[in-house]
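Everything below concerns the one structure shown next.
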Amino acid sequence: MASDLLQGLNPEQRAAVTLPHQSALILAGAGSGKTRVLTTRMAWLIQTGQVSPQGLLAVTFTNKAAREMLTRLSALVPINTRGLWVGTFHGLCNRLLRAHHREARLPPLFQILDSGDQLSAIKRVMKAMNLDSERYPPKNVQHYINGHKEEGQRPSAIEPYDAMSRVLHDVYGAYEAQCQKEGVVDFAELLLRSVELLQTNELLREHYRSRFSFVLVDEFQDTNRLQYVWLKLLAGPQSAVFAVGDDDQSIYGFRGAEVGNMRDFERDYGLKEVIRLEQNYRSYGNILDAANALIRNNQSRMGKNLWTEAGAGEPIRIYEAYNDLDEARFVVEQVKSLQSEGMALTDVALLYRANAQSRVLEHALFGAGIGYRVYGGLRFFERMEVKHALAYLRLAANPDDDGAFLRVVNFPPRGIGARSLEILQSAAVASNTSLHQLAVALGGQTPQRGLTPSGKAGAGIKTFLQIIERLQTAADAVPLEELMVVMLEESGLTAHYRTEREGADRVENLEELVSAAAGFEHETELSDLAAFLSHASLEAGEHEAGPGDDALQLMTVHSAKGLEFKAVFVCGLEEGLFPHENSLNEVDGVEEERRLMYVALTRARKQLTLTRAENRMLHGQIRYGMRSRFIDEIPEALCKFLSAEPAPYAPKHTERYNAPRSSAPVERQPEMKRSESVPFSIGQSVSHSKFGSGVVLQYEGRGTDARVQVNFRDAGVKWMALHYAHLTAF
DNA sequence: TCAGAGGTAATTTTT
DNA sequence: TTACCTCTGA
């Protein structure tokens with residue numbers, strides 16, 4: 001019964017799920033049952049016969065979210081989820097381009113470059129153009145290229161305005177040509193190529209538009225310009241777009257996300273109403289009140305207020321540590337006490353702004369024997385040995401992939417030196433062929449160019465070509481799993497790592513690749529190599545797991561988005577760190593940091609603890625930061641300060657800042673230099689008539705030349721001449 | 001061809 | 001401080 005689906009939904013959720021065939025924006029607050037609404041809506045549409053599964057298109061950002069959607073959907077309605085158009089933007093683009101590779105001017109087995117592959121491809125282009133990578137850092141070039149692709153701009157659409165942009169523009173052009181020649185596409189290209197395909201091919205566009213009568217989008221606030229254009233192309237006038245998002249949780253502006261897409265969507269689709277999901281099923285009241293109060297400080301919002309039927313719960317706990325070591329010590333102590341109360345470590349998370357902060361925390365946890373797991377390391381398909389193995393496979397599928405060719409032509413070593421490769425590369429450029437084509441044409445001889453290349457290199461290349469040939473044959477003849485075994489054997493990768501002193505882990509990962517292939521065949525019922533390679537590029541796998549079982553969760557606030565924990569610690573709440581100092585100079589920077597803080601707070605179900613350190617080791621130097629403004633933005637009535645003695649009468653935060661320290665042992669003393677010419681000490685709180693309050697970081701010079709560096713709460717880090725600046729100590 | 005030196009930069013990240 | 005990259009010398 002379709003009405004069973006609506007059981008237990010609140011009125012807003014129900015309204016969203018049962019909306020008629022019209023476009024709508026659902027503002028879904030943290031913990032408001034967003035995924036439930038999304039999946040129930042799909043099930044509802046199918047069960048009420050408004051759409052067949054084929055007429056649905058649902059897009060997410062991560063594979064994890066897509067998987068979850070499919071699992072939950074198939075639990076609600078008995079349908080075969082295979083073949084459903086539910087996936088990530090990139091995954092769906094890949095599917096589209098595979099189906100129409102000819103129209104998209106791509107080879108049938110085009111390969112997908114991940115960011116690392118893209119960067120090496122860019123380096124290769126720049127080397128061929130003889131560009132100085134000091135003057136033009138490849139990372140910047142990558143940013144330039146991806147930025148323009150996300151704006152939908154090809155090189156032909158860009159007007160260079162100075163020498164620098166001329167160079168960038170030219171590299172972009174050359175990079176595109178190289179990718180096209182090699183039959184590879186990067187992530188942004190998947191989107192852009194799809195958009196162009198749909199723009200130019202009216203027949204195709206109309207086909208999909210009439211097919212997808214219902215389009216659903218998850219995390220709409222994270223879409224970039226190109227993704228929005230893509231959506232508009234696929235969702236025609238006959239389609240209803242159901243966009244779910246939360247502008248207050250937009251934390252990916254730095255990688256191109258446009259919250260503005262939400263307003264544009266309202267306008268472009270002439271939306272009559274916005275449905276707000278504000279009832280929260282995750283946290284206790286105090287936590288929500290804190291989050292609501294914090295986010296009210298942002299100017300640009302669509303507006304939303306979370307509430308709960310649960311009680312107020314515990315107050316927000318705040319600890320002001322003396323330094324980072326003390327902060328870690330405190331956290332460990334608290335985690336232990338939670339543990340003794342019977343809380344499982346998996347239910348506790350330590351969140352921080354920057355990965356570097358994990359080191360001190362890890363050290364303390366290790367010392368205390370508390371198991372933990374850090375998110376954010378290398379993922380399976382990003383490991384070097386796995387990338388090498390994949391390069392062999394890529395060559396079997398598409399031998400013109402020069403990137404893959406160069407990666408493994410001499411790995412394991414076959415005596416092919418840099419010199420031989422340089423000759424080969426320039427000859428390939430001259431004859432406008434791929435390295436593989438050229439090598440085949442030369443029959444294993446290295447081209448003669450001035451110096452005579454050794455016969456060893458020639459023999460090595462011959463061996464290499466034979467390996468590729470055997471893998472090509474195997475790819476057509478044997479199942480995926482067996483192909484892996486053949487590849488590891490033929491390439492000599494396993495043998496190579498076996499001889500290495502520290503190669504045991506790598507051998508293990510290579511063996512894991514065999515099971516990954518087996519699992520892939522089993523789960524997807526796909527046995528073709530191209531599909532597996534796409535999978536490897538589009539889904540790099542889980543983040544590295546630490547010691548398994550019951551482990552404390554350590555991660556950045558960014559990676560915590562979408563997750564929830566019974567107890568959450570947010571560490572490093574200092575000006576300069578959170579909000580990060582770099583954000584102070586960015587447009588919308590502090591507001592995005594505040595949204596990040598909002599995400600952090602709303603991860604907690606029962607207990608929320610905020611910590612800061614008055615000074616911490618950063619870049620090898622002791623840095624002093626003031627208490628984060630975000631702590632001050634939480635109403636004091638909701639807070640309980642654990643560090644200092646609470647003053648008997650309404651204490652000001654500034655007073656508390658200098659309040660007596662906890663008696664915790666202090667392992668590291670800050671330098672407290674004093675000099676007769678500079679009346680300030682490092683770490684001292686000062687105030688400035690224009691910039692407000694801050695902390696002295698360091699000083700130099702004496703007399704009228706004396707300068708001090710101050711970390712201001714609102715203005716960031718500044719150097720100022722003491723002679724002119726009027727600083728007062730307090 | 002590889003190991004060690006030296007220089008430099010140092011948010012956040014999915015695909 | 002540390003991690004990563006490039007360069008150099010054996």
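Values below: all heavy atoms of this structure, side chains included; hydrogens, waters and symmetry mates excluded.
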Looking at CG of Asp114(A) and CG of Asp117(A), how far apart are the two atoms once the value is rounded to the nearest 0.5 Å?
4.0 Å
Looking at Tyr375(A), I'd like to know if the NZ or CZ of Arg373(A) sits under 6.0 Å from its six-membered ring centre while staying within 45 degrees of the ring's axis.
yes
Hits for side-chain hydrogen bond (donor to acceptor under 3.5 Å, both in side chains) against Thr62(A), two or more places apart or cross-chain, chain-then-number order -> none
Using 4.0 Å as the upper bound for N to carboxylate O, is an ion pair formed by Glu385(A) and Arg498(A)?
no
Determine the contact category for Ser537(A): base if any of its heavy atoms lies under 4.0 Å from a base atom, sugar-phosphate if only primed atoms, P, OP1 or OP2 are that close, otherwise nothing.
nothing
Arg225(A) atom CZ, over 12 foreign heavy atoms within 6.0 Å
no
When we call it a touch if two heavy atoms are under 4.0 Å apart, what does Phe254(A) touch: a base, just sugar-phosphate, or nothing?
base
Would you call Glu614(A) and Arg627(A) a salt bridge, using N to O less than 4.0 angstrom?
no
Look at all strands and tell whether Asp222(A) reaches a base, only sugar-phosphate, or nothing, counting heavy atoms closer than 4.0 Å.
nothing
Could you tell me whether Asn410(A) contacts a base, only the sugar-phosphate backbone, or nothing, with contacts defined as non-hydrogen atoms closer than 4.0 Å?
sugar-phosphate
Could you tell me how far dT14(B) sits from dA3(C) if I compare only their C1' atoms? Round to whole Å.
23 Å
In residues 184-193 of chain A, which ones come under 4.0 Å of DNA chain B, going by heavy atoms?
Phe187(A)
